[in-house]
Amino acid sequence: MRCTPPRSPNPLLDRDGAAATTATAHRASCEVDAAKTGGGKGSGGLSCHRCAEQFGKWEALEAHHLSKHAVTELVEGDSSRKIVEIICRTSLLKSESSCVRIERVFKVHNTQRTLARFEEYREAVKLKASKLAKKHPRCLADGNELLRFHGATLACALGSAGASSLCASDKCAVCRIIRHGFSSSSSSSKKDGKAGVGVFTTSTSGRAFESADQQDDPAARRALLVCRVIAGRVHKPLENVREFVGQAGFDSLAGKVGPYANIEELYLLNPRALLPCFVVICKP
């Protein structure tokens, strides 16, 4: 498993040889070669690297990938799954220790389009940081990349009876995010008082699990998305979020800061700042 930040705040990732890699390997870790050039009959030179099915257009190949190969289940005992479980459990606060019970874990195979969009945003943040009078080393180095959790609902059969295909329903937040990326519709719920500010992420799996909004579908299951995020320049917490509107130069807003200056809640202002890497389906 190599999709954790080069300078992750989680010391477990730095101690584990399977998780510690160079920045180059890190950025390529979640990449899936969506196509390879081939000479298939009438294929137009595009074939799926997973099942070898032939396609004439890139769009058709991408749609096929999202429907059939966007996620892969990590079975119990898999080294990557063990690390994901450790990340989820060690991030829990004592008050959250019993609220997250892991049922299944899926690795996300993002399309080249999604990866390119994420890296383009990183470069934009770095460029903006280089023009500031006060330099921010992390922003200049990698856009201030962090590992965060996002809670979302699951309205389809993903993970049930071996199902590993994404659905096309807009009501299924997990599949919608993997297919189309994050958006204002995947932002924080209204109950936290900051709806519409940005995409809500947490440093603890328990808080993310609790934030998954089941108002539209009480029967929906809840899941955690383990994401790489480009936090960029972070604004300190504000009691009145309206004060933040119109302030330029910031890429995210801290919602809550812990006792050791750890940002427990973070709102990403641009949906392109998030890249989902794993889906952790939780037991009811």
Side-chain angles (χ1 to χ4, degrees), residues 1-8 13 19-37 45-51 53 55 57-74 80 83-84 87 105-129 138-150 152 164-166 173-183 186 198-199 201 224-232 251-252 268-280:
M1 202 256 311
R2 299 174 294 177
C3 80
T4 49
R7 286 181 293 278
S8 168
L13 301 178
T21 62
T22 62
T24 301
H26 159 60
R27 288 180 186 165
S29 64
C30 294
E31 183 171 358
V32 56
D33 295 327
K36 61 183 179 181
T37 303
L46 296 174
S47 63
C48 174
H49 84 293
R50 299 289 295 275
C51 63
E53 187 171 344
F55 298 90
K57 294 183 178 181
W58 179 270
E59 291 77 8
L61 173 60
E62 189 173 88
H64 166 80
H65 169 79
L66 288 171
S67 298
K68 304 295 183 181
H69 311 301
V71 295
T72 300
E73 183 171 4
L74 302 179
S80 295
I83 296 177
V84 173
I87 293 171
V105 178
F106 288 86
K107 180 178 180 178
V108 179
H109 302 286
N110 290 293
T111 65
Q112 290 183 341
R113 186 198 303 270
T114 299
L115 289 163
R117 188 168 56 221
F118 180 71
E119 292 300 335
E120 286 169 4
Y121 180 74
R122 181 204 304 276
E123 294 306 314
V125 169
K126 290 168 61 177
L127 178 61
K128 184 168 61 175
R138 282 297 305 273
C139 289
L140 293 171
D142 62 1
N144 192 13
E145 182 175 334
L146 304 172
L147 186 72
R148 308 292 294 185
F149 297 99
H150 177 82
S164 60
S165 297
L166 301 184
V174 170
C175 293
R176 185 182 70 242
I177 289 171
I178 296 174
R179 281 181 175 275
H180 307 296
F182 287 87
S183 64
S186 55
V199 182
T201 66
L224 300 172
L225 290 171
V226 183
C227 305
R228 294 165 57 189
V229 306
I230 305 299
D251 307 294
S252 55
L268 284 306
L269 305 185
N270 192 320
R272 294 191 301 154
L274 298 95
L275 183 72
C277 296
F278 294 97
V279 177
V280 180

**Prompt:** Is the side chain of H65 donor-acceptor paired with the backbone N or O of H109 at a distance under 3.5 Å, no angle test?
**Reply:** yes

**Fill in**
Looking only at heavy atoms, the pair that brings R138 and E145 closest together is NH2-O, 2.7 Å

**Message:** R117: which residues meet the salt bridge (Lys or Arg N to Asp or Glu O under 4.0 Å) condition with it, sequence neighbours left out?
**Reply:** none

**Asked** Where is the tightest heavy-atom contact between V71 and S164, given as atom of each residue plus distance?
**Response** CG2-O, 3.4 Å

**Prompt:** If you round to the nearest 0.5 Å, how far is CD of E123 from NZ of K126?
**Reply:** 4.0 Å

**Complete:** Hits for side-chain hydrogen bond (donor to acceptor under 3.5 Å, both in side chains) against K128, two or more places apart or cross-chain, chain-then-number order -> D251

**Asked** Which residues pass the side-chain contact (heavy atoms from CB on, under 4.5 Å) test with A129, sequence neighbours left out?
**Response** C139, L140

**Item:** Qualifying residues under side-chain contact (heavy atoms from CB on, under 4.5 Å), relative to V279, sequence neighbours excluded
**Value:** F106, V108, V174, I178, A223, L225, I281

**Fill in**
In terms of heavy-atom contacts, G143 and I230 come closest through O-CG2, 3.1 Å

**Item:** Nearest atoms (heavy-atom pairs only) where S67 meets S165
**Value:** O-CB, 3.3 Å

**Asked** Angle class for the H150/F182 ring planes (parallel below 30°, perpendicular above 60°, tilted otherwise)?
**Response** perpendicular

**Item:** Inter-residue atom distance C277.SG - N110.CG, 0.5 Å rounding
**Value:** 6.5 Å

**Asked** Just wondering, do K57 and F55 contact through their side chains at under 4.5 Å, heavy atoms?
**Response** no

**Item:** Closest contact, heavy atoms only, A70 versus L166
**Value:** CB-CD1, 3.5 Å

**Item:** Smallest separation among heavy atoms of L46 and W58, with atom names
**Value:** CD1-N, 3.4 Å

**Asked** Could you give the distance from CG (N270) to OG (S252), rounded to the nearest 0.5 Å?
**Response** 11.0 Å

**Prompt:** Is the shortest heavy-atom distance from the side chain of F149 to the side chain of V280 under 4.5 Å?
**Reply:** no

**Item:** Matching residue for V229 among N144, V199, L274, L275 - test: side-chain contact (heavy atoms from CB on, under 4.5 Å)
**Value:** L274

**Asked** With a 4.5 Å heavy-atom cut-off, do C51 and H64 have their side chains touching?
**Response** yes

